[in-house]
Amino acid sequence: MAKLICLLLSLVAMEIDFLAELNEPQRLAVTQTQGPVMIIAGPGSGKTRVLTYRIAYLIKMGVDPFKILSLTFTNKAAQEMRERISQVVGSEARNLFMGTFHSVFARILRIEAEKLGYPRNFTIYDTDDAKSLLKSIIKEEGLNDKLYKPANIFYRISSAKNSLIGPAAYANNVDFISDDESAGRPKTAELYAKYANRCFLAGAMDFDDLLFKMHELLVKFPEVLYKYQHKFSHLLIDEFQDTNSAQYDIVQRLSAVHENVCVVGDDAQSIYAFRGATIQNILNFERDYPDLRVFKLEQNYRSTEFIVNAANQIIKNNSNQIAKTIWTEKNDGEKIKIFKTASESDEGRLIANLIFEQKMRNHWLNQDFAILYRTNSQSRALEEALRKLNIPYRIYGGTSFYQRKEVKDFIAYMRVISNPKDEEALKRIINYPARGISDNTVNTIIVKAQEKECSLWEICENPEITQLPGRALSSIYAFVMLVKSFRAELKEKDAYQMAMEIGRKTGLVEDLYKDKTVEGLGRYENIQELLNGVKDYTTQESQEYEEDEVQPESDLAAYLQQISLLTDMDNNKEGSNEKVKLMTVHAAKGLEFPSVFVVGMEENLFPSAMSMSSREDIEEERRLFYVAITRAKEKLTISYALTRYKFGQMNYQDPSRFIEEIGVDNAEYFGKTAKVEPKIESNWGNKWDENRGNSIFDKPLNENKTPLTKLNVPPLKKVATVQKSHVVISTDLKDLKEGVMVLHEKFDKGTVTMMEGVGENKIATILFDDFGQKKIMLKFAKLKIIEI
DNA sequence: ACGAGGGGGGTTTTT
DNA sequence: CCCCCCTCGT
C-alpha cells in the first residue's frame with residue numbers, strides 16, 4: 001500500500017516537473033503515448049527534451065524499458081539521451097534499446113545472422129573495404145577501370161540497397177538499367193551481383209546491408225518479425241527527415257502491431273538526400289497512419305531573434321516544406337556579422353582573432369565556439385590561424401582514427417581472427433608483416449576461391465589445390481597456423497587480451513616501436529591508443545552489465561562491430577571539451593554553441609558546385625545553410641573569401657547567394673567595402689593588364705625548379721606602383737612555406753616589385769613598401785592588384 | 001620488398 | 001595542390 005502511494009506521489013511529482021518544464025505542444029507530444037505520433041520540431045525547439053521526457057514518461061507509466069526502441073542519428077545522441085533519462089528514472093534506463101539505425105540493426109542481425117546464412121560474428125565492411133573489394137572485382141572482370149570506378153559503382157549499389165533493391169531486382173529495374181546504359185556502364189548490375197556474393201562469402205555486410213539485410217530478415221522470417229514486433233512495444237525515431245526508404249520500411253514493419261511509433265523531425269533540416277534520405281517519408285507517414293497525431297514545436301529556445309529571423313528568411317526561399325514559423329522570445333541579441341575577406345587564410349586569421357576577442361570580452365571558453373564549413377578540406381586554413389593564436393581546437397570528422405593505415409592493419413588481424421572469411425581483412429594482413437606470400441600467390445588464391453565459390457580462407461586452409469609452388473604453400477601453412485593459434489584462444493580471452501596477444505605474436509607493435517621517425521612514433525602511439533580503447537571497452541562492458549540480464553559482449557566480434565559503427569562524434573577524446581570545435585555543417589546537426597562561425601560562404605563552395613544542377617539540390621544546400629546558422633545561440637558570424645585555392649590554383653570567388661537571403665535587417669557587414677555586394681564585378685584581371693610592366697606570368701611555371709628552402713634573391717623587377725585604393729593580394733614572408741595569402745591594406749602607397757624564380761613550380765614575388773623595410777613575399781604567380 | 005619518382009585524377013556532405 | 005597508383009630501380 002505504502003508502495004502504491006509512493007508511486008502515485010512520484011507520478012504526481014513527475015507530472016508537475018514535466019508541466020513546469022515543457023510548453024503546451026511539448027507536453028502534448030510527451031503524454032500522447034498511444035498510437036502514431038509525429039512531432040515536427042524546428043531547430044532549438046526542445047526536440048531532444050521531448051524525446052527524453054517521452055521515454056522517461058513511458059517508463060514511469062509502467063512500460064518496460066526493454067520494450068522501448070529508440071533510434072537516433074548518432075550514437076552520441078543516444079548515449080546523452082540515455083544519461084538524461086537515467087537522471088529521471090534511474091538505472092532502468094540502461095535497458096533501453098537505443099542507438100543509431102545501423103548499430104541497433106547490427107545488434108539484431110548478430111543475433112539472427114545465421115538465419116540469413118551469415119556467421120554471428122559477421123564483419124562490417126566500411127566504405128574503404130567495400131570500394132577495395134569492388135576494385136578487385138572490376139579488375140577480375142577485366143573492365144575498364146577508368147569507366148568503372150569503384151566509388152561510382154559503390155554509389156549505385158548503395159542507392160539500390162537504400163531503395164531495397166537487391167541484385168536480381170536491380171537487373172530487372174528499368175530505371176537503374178537505363179541509367180547505367182546511358183552512362184556506358186551496362187555491367188553495373190553484374191558487378192552488384194558479384195559484389196553481393198563476395199560479401200556473403202566473406203561473411204561481411206557493408207553499412208547499407210545492415211538496413212537491407214534487416215529488411216530481408218523481417219520479410220523472409222515472419223517469426224523473427226513477430227518476435228521483434230512484440231519485443232518492442234514503443235518505437236521512437238529521431239531525425240526522421242533523414243531516414244531513407246529502407247529505414248522507413250523497417251520502422252513500419254516493426255511497429256505494425258502496436259503502431260506506437262513516434263517520429264520526430266524537421267523537413268527544413270533534411271540534409272542527407274545524397275545518401276537516400278527523403279522528406280517523402282514525412283509526407284508518407286501522414287498517409288500511412290490515418291490516426292496520426294501531429295504536434296508542431298515552433299518556439300525556439302536556442303537562438304536570439306536576429307538569428308531566428310534570418311533562418312526564417314532563408315528557408316522561405318524553398319518551395320518544398322511544411323508550413324511553420326519559428327519564433328523566439330530572446331529578442332536582445334546582436335545582429336549577425338558578415339565578413340568579406342581576401343583569402344582563405346585571411347578568413348582564418350579573422351576568425352581566430354574574433355574568437356580571441358570574444359573570449360576576452362565575454363569571458364567565454366573555447367568550447368563555446370564552433371566553426372562550421374561545407375567541406376572537410378576547409379579546416380586547414382582555420383587550423384593554421386588558430387594554432388598561431390594558441391587557441392586549442394578539435395576537428396570532428398575527416399579521416400577517422402580507425403581509418404589510419406596502422407590501425408586498420410591491426411584491426412584487420414582482429415577481424416581475420418574473429419571471422420577468417422573476411423576477405424578484405426585477410427588481404428591486408430596475409431603478407432603483412434612480409435611472410436613470403438606474394439601478390440601473385442594472393443591472386444591465385446582469389447581465382448581459386450572464385451572457382452570453388454568459397455572464401456579465401458577456405459583456400460588457405462587447403463592451399464594444395466592451387467598448385468602453387470612449395471615455397472608459397474609453406475608460407476600459407478604458416479599463416480594459417482598463426483591465425484588458428486589465435487582462434488584457439490578466442491574462447492577464453494576477451495577482446496583486450498586478444499589484442500595484446502596479436503600485438504605480441506605478430507611483431508606488429510615491435511616493428512612500429514623500432515621506427516623512431518616522427519611518423520613512426522605517431523603510428524606507435526595510435527596503436528597504443530587503439531589498445532587502450534580495447535581495454536576500456538572490455539572493462540566497461542563487463543562492469544556495467546554485471547548485475548543485469550543484458551549479456552556482456554566483451555568478446556572480439558562485438559568489439560569489432562561496435563568500432564566499425566563508431567563515428568568521430570562518438571569519440572570523446574581527452575580534453576576535447578575545452579576546445580574550439582571545427583566540423584562540417586553535416587556533422588553539426590543536432591548541436592548548438594553560443595558562438596558559431598560559418599565560413600567559406602561562397603558560390604560553388606556553399607552551395608557546392610556539385611549541388612546546383614537541380615532545384616532540389618539547391619534547396620538541400622539551403623537547408624544545410626539553415627542548419628548551420630540555427631546552431632548559434634547568441635553570436636553568429638558568417639564569412640567568405642574573395643579568393644580561394646583549388647588544386648593549387650587561385651580562383652576568384654563570388655559571395656554565396658545565401659548571404660543575400662539573410663536580409664540586411666538581420667546583419668551587419670564588415671570587410672573591404674562596407675556593404676555586401678550581391679555580385680562582385682568580374683574585372684579583377686583587367687586592371688592588372690594596365691598596371692603590369694612585364695609578362696612574367698606568361699612563362700611556363702615549371703621552368704625553375706629551385707627548391708623553396710634554397711632561397712636566392714634574383715634581380716628585382718619593378719612591376720607596378722600601387723596606388724591608393726588598390727588592394728594587393730600577397731603572402732607574408734613568414735607565411736611563405738605555407739603559402740598563406742593576405743590582403744594588405746597597408747599598401748595604400750608603395751611600389752610593388754616582383755621577382756621570379758623561387759620555389760618549385762612557382763614564381764615568387766617580393767614586395768617592398770616605400771620605406772624599403774617590410775618585405776613581403778609571394779609564393780604564387782597570380783598576383784593581382786585590383787581597384788576597389 | 002620497398003622507396004623514390006612520375007603520372008594522373010580529383011573537387012561534397014556520412015552511417 | 002594533394003593523394004593514389006604504377007613503375008622502375010635497388
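Within every chain, numbering begins at 1; the chains are lettered A, B, ... in the order of the sequence lines, protein sequences first and strands thereafter.
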Enquirer: Specify whether A:Phe274 and A:Tyr272 have parallel, tilted or perpendicular ring planes, treating 30° as the upper limit for parallel and 60° as the lower limit for perpendicular.
Expert: tilted
Enquirer: Under 4.0 Å between any heavy atoms, over every strand shown, what does A:Phe606 touch: base, sugar-phosphate, or nothing? Just pick one.
Expert: nothing
Enquirer: For the pair made of CD in A:Glu384 and C1' in C:dC1, what is the distance, rounded to whole Å?
Expert: 13 Å
Enquirer: Kindly say if A:Lys135 contacts the phosphate of C:dC5, meaning a side-chain N or O under 4.0 Å from OP1 or OP2.
Expert: yes
Enquirer: Rounding to an integer number of Å, can you tell me how far A:Arg374 CZ sits from B:dT13 C1'?
Expert: 5 Å
Enquirer: For a quick check of understanding: with a heavy-atom distance under 4.0 Å over all strands, which category does A:Lys146 fall into, base, sugar-phosphate or nothing?
Expert: sugar-phosphate
Enquirer: In whole Å, what separates the C1' atom of B:dT12 from that of C:dC5?
Expert: 23 Å
Enquirer: Does a side-chain N or O from A:Lys646 land closer than 4.0 Å to OP1 or OP2 of B:dG10, or not?
Expert: no
Enquirer: Closest to the A:Arg380 side chain: C:dC2, B:dT15, B:dA1?
Expert: C:dC2
Enquirer: What nucleic acid atoms does A:Asn376 come within less than 4.0 Å of, heavy atoms only: base, sugar-phosphate, or nothing?
Expert: sugar-phosphate
Enquirer: Take A:Ser611 and A:Asn75, find for each the nucleotide of DNA chain B with the closest heavy atom, and name the residue whose nucleotide sits nearer the 5' end.
Expert: A:Ser611
Enquirer: Quickly work out the A:Asp209 CG to B:dT14 P distance and round it to whole Å.
Expert: 21 Å
Enquirer: Between A:Asp145 and A:Lys135 (salt bridge meaning N to carboxylate O under 4.0 Å), is one present in this structure?
Expert: no
Enquirer: In whole angstrom, what separates A:Tyr396's OH from B:dT15's C1'?
Expert: 18 Å
Enquirer: Show your working on side chain to side chain contact (heavy atoms under 4.5 Å, CB included) between A:Asp242 and A:Phe240 and close with a plain yes or no.
Expert: CA-CA 5 Å; A:Asp242 285 322; A:Phe240 189 62; over 6 Å; no
Enquirer: What's A:Thr127 touching, base or sugar-phosphate or nothing? Going by heavy atoms closer than 4.0 Å.
Expert: base
Enquirer: Locate the shortest heavy-atom distance separating A:Ala641 from A:Glu602; write the atom from each residue and the value.
Expert: N-OE2, 2.7 Å
Enquirer: Using whole Å, report how far OH of A:Tyr155 lies from C1' of B:dT14.
Expert: 12 Å
Enquirer: Write down the distance between CZ (A:Arg435) and P (B:dA1), rounded to a whole number of angstrom.
Expert: 12 Å
Enquirer: Would you kindly check if the NZ (Lys) or CZ (Arg) of A:Arg394 is within the cone defined by 45 degrees around the ring axis of A:Tyr396 and under 6.0 Å from the six-membered ring centre?
Expert: yes
Enquirer: Nearest to the side chain of A:Asn431 - B:dA1, B:dT12, B:dT14?
Expert: B:dA1
Enquirer: So, OP1 or OP2 of B:dT14: does either fall under 4.0 Å of a side-chain N or O from A:Thr584?
Expert: yes
Enquirer: Determine, answering yes or no, if A:Phe274 is stacked on B:dT13 under the 5.5 Å centre rule and the 30° plane rule.
Expert: yes
Enquirer: A:His102 NE2 to B:dT14 P: how many Å, rounded?
Expert: 14 Å
Enquirer: Side chain of A:Ala434 only, heavy atoms from C-beta on: which candidate in B:dC2, C:dC5, B:dT14 is closest?
Expert: B:dC2
Enquirer: When all nucleic acid strands are considered with a 4.0 Å heavy-atom cut-off, which category describes A:Ser438: base, sugar-phosphate, or nothing?
Expert: nothing
Enquirer: With a non-hydrogen cut-off below 4.0 angstrom, is A:Ser608 in contact with a base, only sugar-phosphate, or nothing?
Expert: base
Enquirer: May I have the distance from A:Asp128 (atom CG) to B:dT14 (atom P), rounded to whole angstrom?
Expert: 14 Å
Enquirer: Taking the inter-plane angle between the rings of A:His102 and A:Phe207 on a 0 to 90° scale, is it parallel (under 30°), tilted (30 to 60°) or perpendicular (over 60°)?
Expert: perpendicular
